[in-house]
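To start, the structure itself, in structure tokens.
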Amino acid sequence: MIFNRTPAETWTWLKMNKALIKDDDILNEEIIFDKAEYEILSKPDSVKIIKNNEFKTALPVPFSAVFAKTSELGIQYKEVKEPEACAFDESNAETLVLEASKKETVPVVINVNAKGKCVSEQIIHALPDSEVTVILVTESKENDGVTLIRTKCYAEENAKIHLCKVQLLPYGFYHIDSTENVCGENAKVEYTELQLGAASVITGAYTNLSEYKASYKSDTAYYRKGNQKIDMNYVCAHSPKGKKSECSMAVAGTLVDEAQKTYRGTIDFKRGCAGAKGNETEETLLLSPKAVNRSVPMILCDEEDVEGEHGATIGRLNDDMLFYMESHGISEEEACALMARAKINAVSAKIPDESTRQKIEDFMNS
């Protein structure tokens, strides 16, 4: 099965334009996914749970950076064709639809309890001039399994959605996570993501800045040790109507032992999005000579009046920093752990819920 395609092919000899999974024991099209169990820990009254057939919006349906199968990949000056249906689209998952109608400071906190092979789908709909924060924590009491989580965010005019996803699964799990966002005029989606558990993770986010002054900001942190793997694909498209739209995508993480990471990050300036701005950064801390890092930052541009920046920082702790810490009684091993924890804490601090931050702390200490 193919996941995490880039919007445009680049350096095909590196074989990084997509993620290919061949392990039929983990994933195949005949697998039947059960429904994941939800536990809503907190929810303000202004955020309603509605039925799927009651959800209505004029905003376009966003693509999936994780699941989309295309008969023809897009290139810089050519639109990507409509994705073909993915096998997971045919699952019988019950969709949890949350609808916000006003500005709310109290977050919605939901635990997704994974069992065996399970799927969960959510829609977060912020009506015009509303504001909502949704925190999804994926955990399990079982030691292994396959989890699929798919979340769609629709931010209407002048609305704001802050979505936080925290993955704390045991190391025997295979985790697939898709986030799909669309922003209306002057709307904003903020995405905070921590990928800490599971043996192998495929994650990605596609954001469509569909209207004037739409904006998107994401912060992702990960920690991989042992033989853990993570494959990421983040795409932000400034649509033809998205004049003066803005995006900022940041990813930071640590690789230890024989861990592997692949990062794909794409800012796509469509023709017509004059005045748009985009920035993406990546920081990778390598704490083992056997760790494998792959990075594919891209900017696709079909509009002249735009500003786009991207950069990647990949390296180890330098000798000066180690000397400074050791001179203060901190060993090299402790220094590495502190730097790795700092990247997690910087993103965790953006989650407005103390109990969730404590879960992250406990997981990192376990």
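The residues of the chain are indexed from 1 along the displayed sequence. Nothing here was measured: the structure is a model prediction, and the numbers come from that model.
Looking only at distances, a side-chain donor or acceptor of Asn4 sits under 3.5 Å from a matching main-chain atom of Asp231.
Under the side-chain contact (heavy atoms from CB on, under 4.5 Å) criterion, Lys103 pairs with Glu131, sequence neighbours left out. Partners of Glu283 by salt bridge (charged side-chain N to carboxylate O under 4.0 Å, His left out), not counting sequence neighbours, listed by chain and number: Lys343.
Counting all heavy atoms, side chain and backbone alike, Gly116 lies closest to Glu142 at N-OE1, 3.0 Å. Taking all atoms of both residues into account, the shortest heavy-atom contact from Tyr171 to Lys225 is OH-CE, 3.4 Å. The two residues Ser178 and Lys165 have their closest heavy-atom pair at O-NZ, 3.3 Å. Heavy-atom minimum distance, Glu258 versus Asn227: OE1-OD1, 3.4 Å.
A heavy-atom distance below 4.5 Å is found between the side chains of Tyr234 and Thr220. Using a 4.5 Å cut-off on side-chain heavy atoms (C-beta onward), Leu136 and Leu163 make contact. Looking only at side-chain heavy atoms (C-beta outward), Glu282 and Glu280 stay at 4.5 Å or farther from each other. Between Phe67 and Ile176, some side-chain heavy-atom pair lies under the 4.5 Å cut-off.
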- request: Apply salt bridge (Lys or Arg N to Asp or Glu O under 4.0 Å) to Arg150 and Asp177, showing your working.
  value: CA-CA 6 Å; Arg150 188 171 195 175; Asp177 192 333; over 6 Å; no
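At a threshold of 4.0 Å, the pair Glu104-Lys160 does not count as salt-bridged, since none of the basic side-chain nitrogens sits closer than that to a carboxylate oxygen.
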